[in-house]
8 protein chains.
Amino acid sequence: MSSYPYNRLDKNDAAVLLVDHQSGLTNLVHDFSPDDFKNNVLALADAAKYFQLPTILTTSFENGPNGPLVPEIKEMFPDAPYIARPGNINAWDNEDFVKAVKATGKKQLIIAGIVTEVCVAFPALSAREEGFEVFVVTDASGTFNKTTRDAAWMRMQAAGCQLMTWFGLACELHRDWRNDVEGLGTLFSNHLPNYRCLFTSYNATQAAVAAATK
Amino acid sequence: MSSYPYNRLDKNDAAVLLVDHQSGLTNLVHDFSPDDFKNNVLALADAAKYFQLPTILTTSFENGPNGPLVPEIKEMFPDAPYIARPGNINAWDNEDFVKAVKATGKKQLIIAGIVTEVCVAFPALSAREEGFEVFVVTDASGTFNKTTRDAAWMRMQAAGCQLMTWFGLACELHRDWRNDVEGLGTLFSNHLPNYRCLFTSYNATQAAVAAATK
Amino acid sequence: MSSYPYNRLDKNDAAVLLVDHQSGLTNLVHDFSPDDFKNNVLALADAAKYFQLPTILTTSFENGPNGPLVPEIKEMFPDAPYIARPGNINAWDNEDFVKAVKATGKKQLIIAGIVTEVCVAFPALSAREEGFEVFVVTDASGTFNKTTRDAAWMRMQAAGCQLMTWFGLACELHRDWRNDVEGLGTLFSNHLPNYRCLFTSYNATQAAVAAATK
Amino acid sequence: MSSYPYNRLDKNDAAVLLVDHQSGLTNLVHDFSPDDFKNNVLALADAAKYFQLPTILTTSFENGPNGPLVPEIKEMFPDAPYIARPGNINAWDNEDFVKAVKATGKKQLIIAGIVTEVCVAFPALSAREEGFEVFVVTDASGTFNKTTRDAAWMRMQAAGCQLMTWFGLACELHRDWRNDVEGLGTLFSNHLPNYRCLFTSYNATQAAVAAATK
Amino acid sequence: MSSYPYNRLDKNDAAVLLVDHQSGLTNLVHDFSPDDFKNNVLALADAAKYFQLPTILTTSFENGPNGPLVPEIKEMFPDAPYIARPGNINAWDNEDFVKAVKATGKKQLIIAGIVTEVCVAFPALSAREEGFEVFVVTDASGTFNKTTRDAAWMRMQAAGCQLMTWFGLACELHRDWRNDVEGLGTLFSNHLPNYRCLFTSYNATQAAVAAATK
Amino acid sequence: MSSYPYNRLDKNDAAVLLVDHQSGLTNLVHDFSPDDFKNNVLALADAAKYFQLPTILTTSFENGPNGPLVPEIKEMFPDAPYIARPGNINAWDNEDFVKAVKATGKKQLIIAGIVTEVCVAFPALSAREEGFEVFVVTDASGTFNKTTRDAAWMRMQAAGCQLMTWFGLACELHRDWRNDVEGLGTLFSNHLPNYRCLFTSYNATQAAVAAATK
Amino acid sequence: MSSYPYNRLDKNDAAVLLVDHQSGLTNLVHDFSPDDFKNNVLALADAAKYFQLPTILTTSFENGPNGPLVPEIKEMFPDAPYIARPGNINAWDNEDFVKAVKATGKKQLIIAGIVTEVCVAFPALSAREEGFEVFVVTDASGTFNKTTRDAAWMRMQAAGCQLMTWFGLACELHRDWRNDVEGLGTLFSNHLPNYRCLFTSYNATQAAVAAATK
Amino acid sequence: MSSYPYNRLDKNDAAVLLVDHQSGLTNLVHDFSPDDFKNNVLALADAAKYFQLPTILTTSFENGPNGPLVPEIKEMFPDAPYIARPGNINAWDNEDFVKAVKATGKKQLIIAGIVTEVCVAFPALSAREEGFEVFVVTDASGTFNKTTRDAAWMRMQAAGCQLMTWFGLACELHRDWRNDVEGLGTLFSNHLPNYRCLFTSYNATQAAVAAATK
């Protein structure tokens, strides 16, 4: 069997594109529960920050019904390039956006946004066409329903995009817990409630036994 | 048609019983996504605090595999009666617990816990037997799967428990937005991501128009 | 087996209460697809109009993030009592609303709204307490998810509310096609796409055969 | 609000009826995954044995396509009354069965079987008619699909049967962990894989810390 | 615990009402797969015939888009009272229908039809009001979707209707296999494909062993 | 990583093929709710009209049980080529159809129809074989159930068809809101009820603030 | 865009392989309802017969628990090659089977069986390796659950198998209704209950109008 | 159509990698029921043992919250290479692990683990890059939810991994029942409850007939 090149995320070669996570558009997302979706988007943002990946923000018509960028994200990336697109639906059609992407000098692009089949898929396909490696963060990208999502995923897969989730992405970027156990642990504890419970139980048992054996 | 007495939640006559929201047990909950469940439980706790309802905490075997009470809850209610049951599965079988409940002097009991068919249903049925009005916060109570949940709900319904959710509970307790618009709005904004987005969009539009018309 | 009194909808004794079908709140509804929910709400409104049932509109904080009453509904009932509640969450806590309800002189109340467990359930339970017959239009009432809906339905069922859908309601009110075949047929054709297709196929076949046999 | 009598399972007053858990009939069960169903049935059987509840086995046409009683169950209760019904579909129509039930002298009957709407519901309703308290173990009872199950549950609920699961049943019977921590823990560890994992993690941490602090 | 009267189906005291199983209306049913629904309806019809229950057929506007009664049913009951209602939506509003029902002299009514919340629920509630025992064959009754079905079931349950399925009904009517093993076996084999497979396997093994041991 | 050619929809190079959206066939569609499906099909038709794409209509046996083309579509495209196929199941087997397609001079074909695995997949595969770029509008194409749909999607994906939805298609064709904000906004408002609500809320807030600041 | 060769089913170049549709194995299928599965398998068999495709039957251990070939299939193909494999799990490992396949001289193989990931996938992959075109009839192939099915489909898709359903297969083979309207119509009427209803409605209307216009 | 090389599992050329089946991590798995998952993992382990495949165990941070390797697995493979990774998330980044893999001399790698998109996908992609044939045991690999799973499967499929299940794997390895009927039968009987029931029924019938014909 022929081998397959594993295009693996590398924190030194990756940039994050957050596309249209706006308050109005968020209310159109029906393929995740609101809690799940909020958590996934903020987890991706936290991961981008934690790995110090160059991050680019863009919005579509943020003064209209689409609403402003979700404030939490805006606050996390105060110095990030921020392209409020005047009308281009595909962010890649906006020169400033592409310029900002290319200015990062990275060849791996991590993309998430609302809605999946448009704001994510369009720049993903454009980036693929220009030879970038594209990693779609599927669970930080939302759309109208699961049927729409399925079609969008299949179109992106066929174009050579890699379908990821925020957790897989963080793990692939980190590579080795020893690089920073506490930092990664905190990221997971904050965004994986069940993992947090494992930590809680573990720490409690440790403390109890330690106390008992003193 | 005969009328039906509406046993309506009254913030002056209600107490909250949080039963066995422990780190180990939380990992057994499969009828909600972890994000949804964490959000619901903390929303209920926030509501209890916001309405200053007497709140009673209890745990089962917290030094064993069941794990300690989820730390967020423990921190929110530092002065609440806290009954670490030495073995009683039904909290109502524990004298201290019942004493604490009765000490509140309330006749409406709001109950949530893990797992639904045991830690919630058992004290709920016991309380019904003693004539309390019982309000089960269904979405802050979790269990192994939806089949188990359905059976537990039907058993409690048959016993005259009222099936609520944290949001319905908060609304029924608050009664009128004018009692405190900001307080209730903050509670909702923190635990209903889509409602938060409505606020965000609304405020942005308001600000923009105000700025434009200055 | 003892008999059971069939509290049957009677177009001469029924009023419709549309509670908080507002643009912002609509975006919180996740237990129906947006198309289904829009269709159901407008179908109920059309039915109310068709049967000339006294209809009462009410909203909660319509100048804030909850948004205005959906325009289609406002336009359909220009002369209906319209109570923009200043803060009462349970519409029944608003004197003007209850006055308007009682002014209809009807003892059957048809209720729908957003969200089910609050804006529908609260006035439904209050009305039951005062001895009204309550008919909840479940498919024109929406909420955050199916778990919440299930709990709300069970609470209302336990209180003696009758769970209906817009189609069942229209049929129970109409009683006999001969009262107006075309009117009811139009209502169904406009809101049941598959029924409309039955009409289309039927008419086409009729026309074709008639033409052929001329 | 009027109080409600909590008919609580009492290990001194309960008998278990296992109805038609036969190899052929098991293959008709489609409302549980095969692994889940097998586990639930054996968990119920283990619980019956653990609490030393009088247990009655019965089968329908076991020499035909329905197949023999599942061997694991037969082996667990070698001395239990075993009624191979010659044709009665409702086990309660079989005199020997009813005689065996009454011989236990218990007034609480725990029933599970295949299929839910027949082999469980029929004797459950018959027993209710004779004044027994009936506890249906819903997750150790299977049938053709979820629609059938839903209907069966609602019929039994309406007849005053209490809908339980094997875990709720075991907890309600045991009442207090202190009666036997190890025994109940073993039962749960054997039939709740996730609970078993909690034990494993807990014990490992304990051992590790203990070793470290030696 | 107070006892509960088990209103048990009795083949000497039951009549079957098949309401509006028409070709057009069948195409509106979306809460069952078409194969499942067809099978369930024909199974009920076969059962009615097998137990020689008086059966009443009725249709609504069968010359219009609703279409004619499904031919298979018409052929099975050539001599059954057949009421083509001129317009009454609730079959019970049709004097001929009620007359036919009462002419059977039965006090147990088995009802199925399309759609559940109208053609089934309305006559079911009317019959309950007149003191009949009502058995709804839920799986031979179809409607637009599961939400509608759930509401209809809950309304009928609240009115004291018993929710059945065709298989439960056949078993409750037959009571004892010994009354006619082959007849009931054939009914099941024709409408439960998996049961048929049990027969096939059983017979094959029997034949093989018999042959081998000759 | 090798680049991938993004075959992007171009309104100057695309034609729309609406295949067999007939009243009878529509009643066979069970993988969408009727409201969703009707909305999706009309949204696609509106988009085709809005972008002035050459559109070709075709039907199969429209004088038989398949029924006539849905009237709404017929009225929207009075001058479109209309091929009532005399028997070819694959529209591409019909010379007139292919001639009409080729007469558009477009190399991008947008296809939707009933049923997905036949009326859509067959011409889609035929067009791929002749070198056309094929865009399947998955949500305006319906079939018997989700299993059938999944298989059809995978077959078409493997053949290089791009899986789209009507919303993604409209966005990819429009490219830039500035080309016509109002036109695209109207299209979305008419077919995305939740987007419409965003507009409603936004406009109301704008008007209110403007009025207040006058 | 490069073109793609449409390997289209051709009734002159296709053979059907029915693999292990045995009574015991059928009872293991849980990814379809029993009615749906039975209908799909018999529909495929009817189609094979209708198009007079060479059909090959094979079974695995039919004298053991797997049970005999479903009798309906055996009776439909009395003269078909019938390979009762003595032990080969992959039918393609059986020389007689491959010989029978090759003796048909066809290069398109239509495969269905139980269970999908083994009895279907193994010979499908083997046939692909030898250069056959493989068409998997997904809905006449069953397995333990949907997860297993999904994995099996993806493995076969990756190997170049085309995923079909019995209806798509029949349509692709027939090509043009004019080849035989009645024959194909009968096939569909017998296995698509909703299509049958379209025929029924159509014929009834035709007859009624014809009678009226006489 | 070009042929496709069937990379078929060969028991002489395959090794099994069990990655991070640890007690803590197991509690994070939500895409299977706990019973199903436990059964699948142990079935894979039993199969590995039965086919005497070289098996490699590895864990991540087993002394922390992730917990120890599930004891059942540890006991089954006392002599297997066991790599407790000090921090590498991708097992393939651990030299000892890769060394152990290569020491087996096998070119087919069977991989399962927790969680699918990380502990399974990462080494799977790395192994593909080095030219190994990779077989993912999808049902013995678990993760947070179905969305995450779907994305992981699609990423691995795109990289040429073959998606298997434990049952398909066992069948592909065994090839012919005659190699050992009893051994394979025992494996299936222990892990496929419904298959076990087929055996039970078969044996019972055999015994009965044999007895009868003696």
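Quick note on labels: first sequence line is chain A, next is B, and so on, each numbered from 1. These numbers come from the heavy atoms of this one structure, side chains and all, not from hydrogens, waters or symmetry mates.
The choice from B:N90, B:T147, B:T116 that makes the most heavy-atom pairs within less than 4.5 Å of chain D is B:T147. Per-residue counts of heavy-atom pairs under 4.5 Å with chain D were compared for B:P5, B:A158, B:P86, B:A121; the largest is that of B:P86. No other option in B:L125, B:N66, B:D93 has as many heavy-atom pairs under 4.5 Å with chain D as B:L125.
Going from atom CG of D:N40 over to atom CZ of B:F144 covers 10.5 Å, rounded to the nearest 0.5 Å. To the nearest 0.5 Å, the span separating CE on B:M156 from CG on D:L163 amounts to 11.5 Å.
Closest heavy-atom contact between D:G168 and B:F122: O-CZ, 3.3 Å. Taking each heavy atom of B:P65 and D:F199 in turn, the nearest pair found is CG-CD2, 3.3 Å. What you find for B:A151 and D:T138 is that their closest heavy atoms are CB-OG1, 3.8 Å. The nearest pair of heavy atoms linking D:N194 to B:N27 is ND2-O, 3.9 Å.
In this structure, D:K146 does not pair ionically with B:D150, as no charged nitrogen and carboxylate oxygen lie closer than 4.0 Å.
The shortest side-chain heavy-atom distance between B:R155 and D:M164 falls under the 4.5 Å cut-off. Within the 4.5 Å cutoff, side-chain heavy atoms of D:R178 are placed close to those of B:N88. At a threshold of 4.5 Å between non-hydrogen side-chain atoms, the residues D:F167 and B:V115 count as touching. Looking at B:R128 and D:Y6, their side chains never come closer than 4.5 Å, going by heavy atoms from C-beta outward. At least one side-chain heavy atom of D:Q157 sits under 4.5 Å from a side-chain heavy atom of B:Q157. Between B:L25 and D:Y195, the closest side-chain pair of non-hydrogen atoms falls below 4.5 Å. Using a 4.5 Å cut-off on side-chain heavy atoms (C-beta onward), D:T165 and B:N145 make no contact.
In this structure, chain B has a heavy atom under 4.5 Å from the side chain of D:V181, while its backbone stays farther away. Of the atoms belonging to D:F188, not a single heavy atom falls under 4.5 Å from chain B. Contact annotation for D:L169: neither backbone nor side-chain heavy atoms come within less than 4.5 Å of a heavy atom of chain B.
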